[in-house]
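What follows is a set of notes on a single structure, which appears directly below.
What you see below is based on every heavy atom in this structure, not just the backbone, and it leaves out hydrogens, waters and symmetry mates. Ligands are counted one by one from 1 in listed order, and the atoms in each one are counted from 1 as well.
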Amino acid sequence: MAYETINVEVSDYIATITLNRPDALNALNRQLLSEVGQALEEADASDKVRCIILTGSEKAFAAGADITEMADLTYVEVASKDLFGGIARRFAATRKPIIAAVSGYALGGGCELAMMCDFVIASETAKFGQPEINLGVIAGMGGSQRLTHAVGKAKAMDMNLTGRFMDAAEAERSGLVSRVVPAKKLMEEARGAADKIAAKSALATAAAKEAVNRSFEVPLAEGLLFERRLFHALFATEDQSEGMAAFREKREAQFRDR
Ligand code: HXC
């Protein structure tokens, strides 16, 4: 499918979705959000994809929702069309793991988009923030919720109330990102992680993703039960037999997603 605001490349079982509105620092307009959703759906359905990377440019992952597009919207338009709700549902519906590779600005909706991914790898230049407060509004796609889960109340309140940015080192210290690497190594690092994921059983990676995500939705006892049931279920797969046999035979496992 041809896209105008993103590029999509598939190689070695990894789909790389690159946000591509350089003149607006990858600001998220409706078209871009719709194209990202479409690309996720296609990648999730494709036999040639086992892991997805979402990235932007060196200067900006995304500088937020497109302010020029938003500026004249009325309450009725924003509320009745739920303009920004759809994209989170499309991320949540994607069964394959999604890695955000973030360089430069990840602000407002950009930070929120990164947090919709399963984990974030950042370059040393990354800057995260929820500066919506400077525009007279607040975060609307998870910046008050996912960020609080990731970094705790103190820093989430600080960022949402003052609009200050968090650099990559602070983001790693605070649990917002899993790794920080030099800018030049960002895509190599993200691909390395995606390669590792792509080599596992897709049944197991989907279950791991589902189990971790469940921890955000339910109380601990329910989450533990959910995890245990998924664990039990994986013993019905050939990949479980293969993975454990390969360990005993001291060889690489050959998973077949069965
Ligand atoms: C539209 C944007 C934009 C945005 C940058 N641009 N961010 N356009 N929406 N969010 C445009 C600028 O207007 C400019 O276009 C070009 O990109 C380059 O930006 P500059 O400001 O010239 O670059 P720089 O001086 O390097 O500053 C970078 C920046 C700044 C610090 C990131 O652009 C900035 O503060 N942007 C806004 C960040 C923000 O407030 N994000 C939250 C948005 S609200 P021209 O044509 O002038 O060259 C949000 C709500 C989400 O995300 C919730 C949804 C439910």
Distances under 3.5 Å, N/O of ligand 1 against N/O of the protein: list each pair and its distance.
unit_1: ligand 1; atom_1: 9 (N); unit_2: I67; atom_2: N; d: 2.9
unit_1: ligand 1; atom_1: 10 (N); unit_2: A63; atom_2: O; d: 3.1
unit_1: ligand 1; atom_1: 10 (N); unit_2: A65; atom_2: O; d: 3.0
unit_1: ligand 1; atom_1: 17 (O); unit_2: D23; atom_2: O; d: 3.4
unit_1: ligand 1; atom_1: 26 (O); unit_2: K59; atom_2: NZ; d: 2.8
unit_1: ligand 1; atom_1: 41 (N); unit_2: A63; atom_2: O; d: 2.9
unit_1: ligand 1; atom_1: 52 (O); unit_2: A65; atom_2: N; d: 2.7
unit_1: ligand 1; atom_1: 52 (O); unit_2: G109; atom_2: N; d: 2.8

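- Every residue two or more places apart in sequence or in another chain was checked for a ring-ring contact (aromatic ring centres under 6.0 Å, His included) with F247, and none qualifies.
- Pairs engaging residues 8-35 under the salt bridge (Lys or Arg N to Asp or Glu O under 4.0 Å) rule: R21-D66, R30-E69 [sequence neighbours left out].
- Ion pair E189/R179 flagged as a salt bridge, since at least one NZ, NE, NH1 or NH2 atom sits closer than 4.0 Å to an Asp/Glu carboxylate oxygen.
- Checked against salt bridge (charged side-chain N to carboxylate O under 4.0 Å, His left out), E249 has the following partners two or more places apart in sequence or in another chain: R251.
- Looking only at side-chain heavy atoms (C-beta outward), T18 and T16 come within less than 4.5 Å of each other.
- In this structure, E112 does not pair ionically with R146, as no charged nitrogen and carboxylate oxygen lie closer than 4.0 Å.
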